[in-house]
Amino acid sequence: MKKAPRGTRDILLQEAVKWQYLEEVFREMCFKYNFTEIRTPIFEESELFVRSVGEASDIIKKEMYVFKDRGGRELALRPEGTAGVTRAYLEHGLNHRAQPLKFFYFGPMFRYDRPQAGRQRQFYQMGIETFGTEDPAADVEIIKFTADLFAKLGFENLSLQINSVGCPQCRPSFQDYLRNFAREKESSLCPDCRQRMQTNPLRILDCKVLSCREAMQDAPALDSFLCPSCRESFEMVLKLLQALQIPYQVDPCLVRGLDYYTKTAFEFIFDALDTQNSLVGGGRYDHLVESCGGPYVPGVGMAAGVERILLAMEKENLWPAEDAPDGIFLAIDDPGLRGEGLLLLYQLRAQGLKAETDYLGRSLKAQMKYAHRHGFRYVVILGKEEKLHKKLKLRDLLQGEQQEVSPAELLKHFKS
RNA sequence: GUGGGUGUAGCUCAGCUGGUUAGAGCGCCAGGUUGUGGCCCUGGAGGCCGUGGGUUCGAGUCCCAUCACUCACCCCA
């Protein structure tokens, strides 16, 4: 039997309702914060991601879905959302409008990775981006938005981890220093960390291997290398977080996997999940527009993993109560009355009601059972007896009460 | 990409050291109720036991491969 491709899945029935709920809460929050929607293509030129995310990153090196189309173009399914939004921002000259500009998106992303809980090959992210301001208050707005979103969903135990990853002025010197420091200890580092010395020395600092921790114990922290501008910005971010009473933990080892991040980097961690507990990642990307061939335009944003949030909500039992029974099921008990019954069905629908009928020629009993199982509150019965008296039976499945009404009375009864 | 676990009905799972027609609960369908859901009772449908190969007189059970899920890494949302 055919199955959905590895790392992909179908969202249906009750699960689809949960997705709708989450998306709705997100959209409402976006409205309040004045983020407007942007929808960008699901594939872009590969080059866009290589340049923005960074060719040395794992995402580019081993996780990107790349393909050639029939015209020989080198394309890639988007592995993340910010690059496409940035490309669109530039392509449409949005940097010429009054700044800042704020966007949100919700959609599928693709990474060729080994699937497991909270990690799919096609997964969904909802994210927000602010272009055109360096103001630390913009960083804080992104964080506050995220905190508000989770509060609205009912989360209580999320932790905000924050750090500054510096900028092209100060980060390279720290990386060089760290690389040299690590090289001296190379013999006591694990194979992964030896690799990290080349690719991302910052990551050696939070390696889980004990010998690596010990070796790097006396390594300097990034914050001692921050340039005045980065330092000032970071301090202001923390100060504003305090002013807004948003609890946070500074994690000097917090690094982002995407090269474009500068200054503020943060994550929201859900501690009750042991792995894949990072629900949201975000930060500032002041040079991303430039690396896409545009002028200097600072930016800051976040991306939230939809599947992971849903997993966390499952764990915390945060779903709103199920909808109460609603709608009308029209049970037609005599095939000869179908025309008349269907007319009534469409009249009810025309009044804006959820209405349904039977399409399998089932017994009245079976029809009522179906109505009950599928969450209808009312059953309207049309059979020989009703036809004879020009009446209908209106049964309230919730109350277990039944009354006789004429078709006109029925329509009037359900008139909003 | 690396290493471990699992894979039996639509769903959740049982099936002892390989041994006749593979089971349960829930769900689905029908009947008990000549027109009336829920609770209860009865019956029914539904499984090439993930797929392919091998060992054996005989494989759901053992071996290999493969696919999928899952856990831990790498990394990330």
Take atom [atom1] in [N] and the same atom in [M], then report the distance between them in whole Å.
| N | M | atom1 | value |
| --- | --- | --- | --- |
| B:G50 | B:C16 | P | 14 Å |
| B:G38 | B:G47 | P | 27 Å |
| B:G10 | B:G5 | P | 28 Å |
| B:G7 | B:A14 | P | 8 Å |
| B:A22 | B:U51 | P | 16 Å |

Please tell me if A:R114 has a side-chain N or O lying less than 4.0 Å from either OP1 or OP2 of B:C69. no
A:K354 atom NZ, over 12 foreign heavy atoms within 6.0 Å: yes
Please check if the distance between the ring centroids of A:F104 and A:F26 is under 6.0 Å. yes
Which nucleotide in the list [options] gets nearest to the side chain of [X]?
| X | options | value |
| --- | --- | --- |
| A:A117 | B:C75, B:G38, B:C71 | B:C71 |
| A:Q276 | B:C75, B:C69, B:U36 | B:C75 |
| A:K365 | B:C75, B:G38, B:G32 | B:G32 |
| A:K393 | B:C39, B:C71, B:G35 | B:G35 |

Check if the side chain of [X] and the base of [N] share a donor-acceptor pair of N or O atoms closer than 3.5 Å.
| X | N | value |
| --- | --- | --- |
| A:R373 | B:G38 | no |
| A:R119 | B:A77 | no |
| A:Q367 | B:U36 | no |
| A:E386 | B:G35 | yes |

Quick one: do the A:T8 and A:Q122 side chains pair a donor with an acceptor below 3.5 Å? no
Give me the ring orientation class for A:F106 and A:Y124: parallel if the planes are under 30° apart, tilted from 30 to 60°, perpendicular past 60°. tilted
Just checking A:D333: base, sugar-phosphate only, or nothing, at a heavy-atom cut-off of under 4.0 Å? base
Is any side-chain N of the basic residue among A:D113 and A:R119 closer than 4.0 Å to the acidic one's carboxylate O? yes
